[in-house]
Amino acid sequence: REFNEGVMRVDIFGLREGEGMDGDLHAPLRPSLPELQPNGHYLLEVVVRTVGLGHELTQGTADSNELWLDVQVWADERLIGRSGAMGEQGGVDPWAYFLNAYLLDKNGDRIERRNAQDIFTALYNHQIPPGAAYVVHYLLRVPESVRDPIIVDVALRYRKFDTTYMQYIYGDDYVNELPIMTLARDRITFPVAGSKTGA
């Protein structure tokens, strides 16, 4: 864990008004913050960057390494949105944003058993080179009823092997309890129009 401290950085960098890339951009998000509107739609811009690596993240067994963004949105101590949660057996939400390589065989099936001899092509490769960054976008819809400030918490999580691979080894009932590291984190509190307390 000590070796991996400070090698990555996550920043909630910008907020666009509306659901598309052509909305007004508020960035960088600090020191001032825009006020969110109840029932408003926004696009969060999250920057993930390598700052202390001499190779791609994650390199090595990038098809079975599990590196993902866990995004939580809170209002009035209530979770109102999440991407990157884990299920009962330890599997990560398949719609989460993963920073790994999703490799396919010639039949279009995922390489998920460390069967490197069957690799045909990559569906995607989200590994980040040294000194580089990716921007990940999240749609944020503010519920009509929310009047409390909205907290957005983004964490970059890492686990050596994903649940699919571990269940291939140990069976479908296996619960993936491999340790999970948080490599980087950012948290921001947006004021909401009509709220009693600000950011």
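Rounded to the nearest 0.5 angstrom, Leu44 CG and Ser83 OG are separated by 11.5 Å. To the nearest 0.5 Å, the span separating CD on Glu45 from CG on Asp11 amounts to 12.5 Å. Rounding to the nearest 0.5 Å gives a distance of 11.5 Å between OH of Tyr42 and CG of Leu139. Atoms CG and OG1, on Asp148 and Thr189 in that order, are 11.5 Å from each other to the nearest 0.5 Å. Taking CD1 from Ile169 and CZ from Arg114, the interatomic distance works out to 10.0 Å, rounded to the nearest 0.5 Å.
In this structure, Thr163 contributes its side chain and Gly90 its backbone to a donor-acceptor pair below 3.5 Å. Side-chain atoms of Asp93 come within 3.5 Å of backbone N or O of Trp95 as a donor-acceptor pair. Side-chain atoms of Gln89 come within 3.5 Å of backbone N or O of Asp172 as a donor-acceptor pair. Looking at Asn115, its side chain does come within 3.5 Å of a backbone N or O of Arg113 through a donor-acceptor pair. A donor-acceptor distance shorter than 3.5 angstrom exists from the side chain of Tyr134 to the backbone of Gln127, with no hydrogens or angles considered. A donor-acceptor pair under 3.5 Å is formed between the side chain of Gln167 and the backbone N or O of Tyr174. Proximity of a side-chain donor or acceptor of Thr50 to a complementary backbone N or O of Pro129 within less than 3.5 Å is detected. Side-chain atoms of Asp105 come within 3.5 Å of backbone N or O of Asn107 as a donor-acceptor pair.
Across all non-hydrogen atoms, the minimal contact from Leu99 to Leu69 is CD1-CG, 4.3 Å. The nearest pair of heavy atoms linking Val92 to Met86 is CG2-CG, 4.0 Å. Considering every non-hydrogen atom in both Arg16 and Gly23, the closest pair reads NH1-O, 3.1 Å. Across Leu103 and Ala122, no two heavy atoms sit closer than the pair CD2-CB, 3.7 Å. Of all non-hydrogen atoms in Tyr138 and Val46, the two that sit nearest each other are CD1-CG2, 4.1 Å. Between Leu183 and Tyr158, the shortest heavy-atom contact is CD1-CB, 3.9 Å.
Within the 4.5 Å cutoff, side-chain heavy atoms of Leu67 are placed close to those of Leu156. For the pair Glu112 and Ser64, the minimum side-chain heavy-atom distance is 4.5 Å or more. In this structure, Leu43 and Met21 have side chains that are in contact, with non-hydrogen atoms separated by less than 4.5 Å. Side-chain contact between Ile188 and Leu33 is present, with at least one heavy-atom pair separated by less than 4.5 Å. Counting heavy atoms from C-beta on, the side chains of Val71 and Asp153 never come closer than 4.5 Å. Inter-residue side-chain proximity for Leu140 and Leu36 is flagged as met; some heavy-atom pair is nearer than 4.5 Å. Residues Trp74 and Ile80 have side chains not in contact (no heavy-atom distance under 4.5 Å, counting atoms from C-beta outward). Between Asn176 and Arg159 the shortest side-chain heavy-atom distance falls below 4.5 Å.
Between Asp70 and Arg82 there is a salt bridge, since a side-chain N of the basic residue sits under 4.0 Å from a carboxylate O of the acidic one. The existence of a salt bridge linking Glu19 and Arg141 is confirmed by a sub-4.0 Å separation between a basic side-chain nitrogen and an acidic carboxylate oxygen.
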Exercise. So Ile12 and Leu29, side chain to side chain contact (heavy atoms under 4.5 Å, CB included) or not? Walk me through it.
Worked result: CA-CA 7 Å; Ile12 306 169; Leu29 288 175; 4.1 Å; yes
For this session: List the steps and the verdict of side chain to side chain contact (heavy atoms under 4.5 Å, CB included) for Phe98 and Tyr124.
Result: CA-CA 10 Å; Phe98 292 92; Tyr124 66 72; 3.7 Å; yes
For this session: Go through Ile111 and Asp118 one step at a time and tell me if the side chain to side chain contact (heavy atoms under 4.5 Å, CB included) criterion holds.
Result: CA-CA 7 Å; Ile111 300 295; Asp118 297 323; 3.8 Å; yes
Exercise. Hey, mind stepping through Glu66 and Lys160 against side chain to side chain contact (heavy atoms under 4.5 Å, CB included) and telling me if it holds?
Worked result: CA-CA 6 Å; Glu66 198 162 43; Lys160 179 57 184 170; over 6 Å; no
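For the salt bridge (Lys or Arg N to Asp or Glu O under 4.0 Å) with Asp186, the qualifying choice from Arg49, Arg30, Arg9 is Arg30, the only one to do so.
Under the 4.5 Å side-chain heavy-atom criterion for grouping Ile, Leu, Val, Met, Phe, Trp and Tyr, Leu15 is connected to Val152 within one hydrophobic cluster. By the rule that hydrophobic residues join a cluster once side-chain heavy atoms approach within less than 4.5 Å of another member, Tyr168 and Met166 end up as members of one cluster. Both Leu178 and Tyr170 are members of a single hydrophobic cluster when ILVMFWY side chains are connected at heavy-atom separations under 4.5 Å. At a threshold of 4.5 Å between side-chain heavy atoms, the hydrophobic network of Ile, Leu, Val, Met, Phe, Trp and Tyr places Val136 and Val154 in one connected group.
A donor and an acceptor atom, one from each side chain of Asp63 and Tyr165, are nowhere located under 3.5 Å apart. No hydrogens or angles considered: nothing links the side chains of Glu17 and His41 as a donor-acceptor pair under 3.5 Å.
Counting non-hydrogen atoms of other residues, nucleotides and ligands closer than 6.0 Å to CD of Gln117 gives a total above 12. Other residues, nucleotides and ligands place more than 12 heavy atoms under 6.0 Å from the CD atom of Glu144.
The ring of Tyr97 has its center closer than 6.0 angstrom to the ring center of His126.
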